[in-house]
Asks: 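Let me give you the structure first, and then I'll get to my questions.
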Amino acid sequence: MAMNATPDQPTNQPSPGSGDAAVQAAAERAEYTRNRNLPEFDDLPGSGDTANLRLGPEINSACLALLPLVGVWRGEGEAKHPSMSESYRFVQQVTFSHDGRPFLHYESRAWKLDAQGGNVVEPAFRESGWWRPQPDDTIELLLTHSTGVAEMFFGKPKNQTTWELSTDAILRTPTSEDVTAASRLYGVVEGSLAYVEERATSEHEMQPRLSAKLERVVG
């Protein structure tokens, strides 16, 4: 079956237009996630990364504009682009963590779902990188993909819970997938993390490729 946070994770979601329900759902999610964090080896020197603002090192002041992103998020999304042989649904885990220095570590893993959307078929895309906020509010995002692509994004917060970035440079290995430009829009809305990625290739103009809505399971 599709990956779930755990069987006892709260499942109630706020009803549209119901402020009381949204507050109640947020409180229940926080009760579940507040004491969870990343697993780590206990013989590492110093403290490890944390995806929970209540635990581990204090977040660096340079990262305050990215604070709502810190955590581990899980949910489902859709991959669809003319460069793909077929579209598919996926389940995804995204981690934003820090170690007290002025950057966030980002990691994403995804798994394809079958046509009915309930069973994992095989691993899908995987990526890792660094969000590096700068004094002028610019965000430098460096991403590497398992498909042989490395991307350098630049962007800025649109507001306190929305971030928009686009590529300035792309490095590809000889066997990498075809990509010439990309952009990403992230937003935290009513406790959920949603994002859209647009991508251009040598044969296709910029258009949506990935989108997902994720729920917090840590932090």
Side-chain angles (χ1 to χ4, degrees), residues 1-11 25-77 90-113 120 122-133 139-147 150-151 153 157 160-163 165 184 186-195 197 210 212-219:
M1 298 297 292
M3 177 183 66
N4 295 312
T6 64
D8 60 350
Q9 181 178 354
T11 57
E28 292 188 11
R29 285 195 300 268
E31 187 64 28
Y32 173 80
T33 64
R34 64 186 304 132
N35 294 319
R36 307 184 81 205
N37 204 355
L38 301 175
E40 64 175 290
F41 294 103
D42 58 11
D43 58 350
L44 290 175
S47 57
D49 288 357
T50 179
N52 190 327
L53 295 171
R54 303 176 182 87
L55 304 171
E58 183 176 351
I59 192 167
N60 192 285
S61 60
C63 295
L64 293 180
L66 302 176
L67 186 147
L69 293 170
V70 176
V72 179
W73 309 80
R74 291 179 181 173
E76 294 187 11
F90 60 84
V91 62
Q92 184 179 21
Q93 175 173 290
V94 169
T95 300
F96 289 91
S97 60
H98 74 95
D99 64 3
R101 289 183 285 177
F103 55 79
L104 298 185
H105 178 233
Y106 166 87
E107 184 176 20
S108 167
R109 299 186 66 178
W111 296 261
K112 287 185 180 180
L113 297 174
V120 172
E122 61 184 2
F125 56 92
R126 188 168 183 174
E127 56 194 30
S128 182
W130 309 94
W131 290 61
R132 305 178 66 248
I139 300 169
E140 301 172 357
L141 171 57
L142 306 176
L143 283 185
T144 55
H145 303 259
S146 58
T147 54
E151 298 170 320
F153 290 80
Q160 292 183 336
T161 57
T162 309
W163 305 264
L165 309 102
R184 294 196 175 193
Y186 290 84
V188 176
V189 181
E190 293 187 349
S192 300
L193 173 63
Y195 75 88
E197 182 214 61
L210 299 175
K213 182 180 180 182
L214 314 175
E215 304 301 328
R216 184 187 295 278
V217 297
V218 169

Asks: Side chains of W131 and C63, heavy atoms from C-beta outward: is any pair under 4.5 Å?
Replies: no
Asks: What heavy-atom pair brings L143 and G129 nearest, and what distance separates the two atoms?
Replies: CD2-CA, 4.0 Å
Asks: Hey, could you give me the CG/CZ distance between L66 and F103, rounded to the nearest 0.5 Å?
Replies: 12.5 Å
Asks: Just so I know, are the side chains of V72 and V94 near enough to count as touching, which here means a heavy-atom distance under 4.5 Å?
Replies: no
Asks: Hey, what's the ring geometry for W130 with H105, parallel, tilted or perpendicular (30° and 60° as the breaks)?
Replies: tilted
Asks: Between CG of L210 and CD of E127, what distance do you get to the nearest 0.5 Å?
Replies: 7.5 Å
Asks: Evaluate the criterion ring pair (Phe, Tyr, Trp, His ring centres under 6.0 Å) for residue pair W73 and Y186; output intermediate values, then yes/no.
Replies: CA-CA 13 Å; W73 309 80; Y186 290 84; over 10 Å; no
Asks: Closest heavy-atom contact between V188 and P68?
Replies: CG2-O, 4.1 Å
Asks: Tell me the salt bridge (Lys or Arg N to Asp or Glu O under 4.0 Å) pairs involving residues 90-105, sequence neighbours left out?
Replies: D99-R101
Asks: Please name the pair of heavy atoms, one in N37 and one in T50, separated by the smallest distance, quoted to 0.1 Å.
Replies: ND2-OG1, 3.0 Å
Asks: If I take atom CD from residue E76 and atom CG from residue L214, how far apart are they, to the nearest 0.5 angstrom?
Replies: 10.0 Å
Asks: Quick one: pull up CG in L165 and CD in E140 and give me the separation to the nearest 0.5 Å.
Replies: 11.0 Å
Asks: Between atom OG1 of T95 and atom CG of L38, what is the distance when rounded to the nearest 0.5 Å?
Replies: 6.0 Å
Asks: Might you point out which heavy atoms bring Q92 and A212 nearest each other, and give the distance in Å?
Replies: OE1-CB, 3.8 Å
Asks: Would the distance check show the side chain of S192 and the main-chain N or O of K213 forming a donor-acceptor pair, the cut-off being under 3.5 Å?
Replies: no
Asks: Do you know the tightest heavy-atom contact between P57 and G100?
Replies: CG-N, 4.0 Å
Asks: Please walk me through it: do V189 and T161 pass side chain to side chain contact (heavy atoms under 4.5 Å, CB included)?
Replies: CA-CA 8 Å; V189 181; T161 57; 5.9 Å; no
Asks: State whether the side chain of W163 and the backbone N or O of A65 hold a donor-acceptor pair below 3.5 Å, judged by distance alone.
Replies: yes
Asks: Rounded at 0.5 Å granularity, tell me how far CG in N52 sits from OG1 in T33.
Replies: 7.0 Å
Asks: Mark yes or no for whether R36, through its side chain, and V217, through its backbone, hold a donor-acceptor pair below 3.5 Å.
Replies: yes
Asks: Just by modelled atom types, is the L69 backbone N or O under 3.5 Å from a matching donor or acceptor in the R216 side chain?
Replies: no
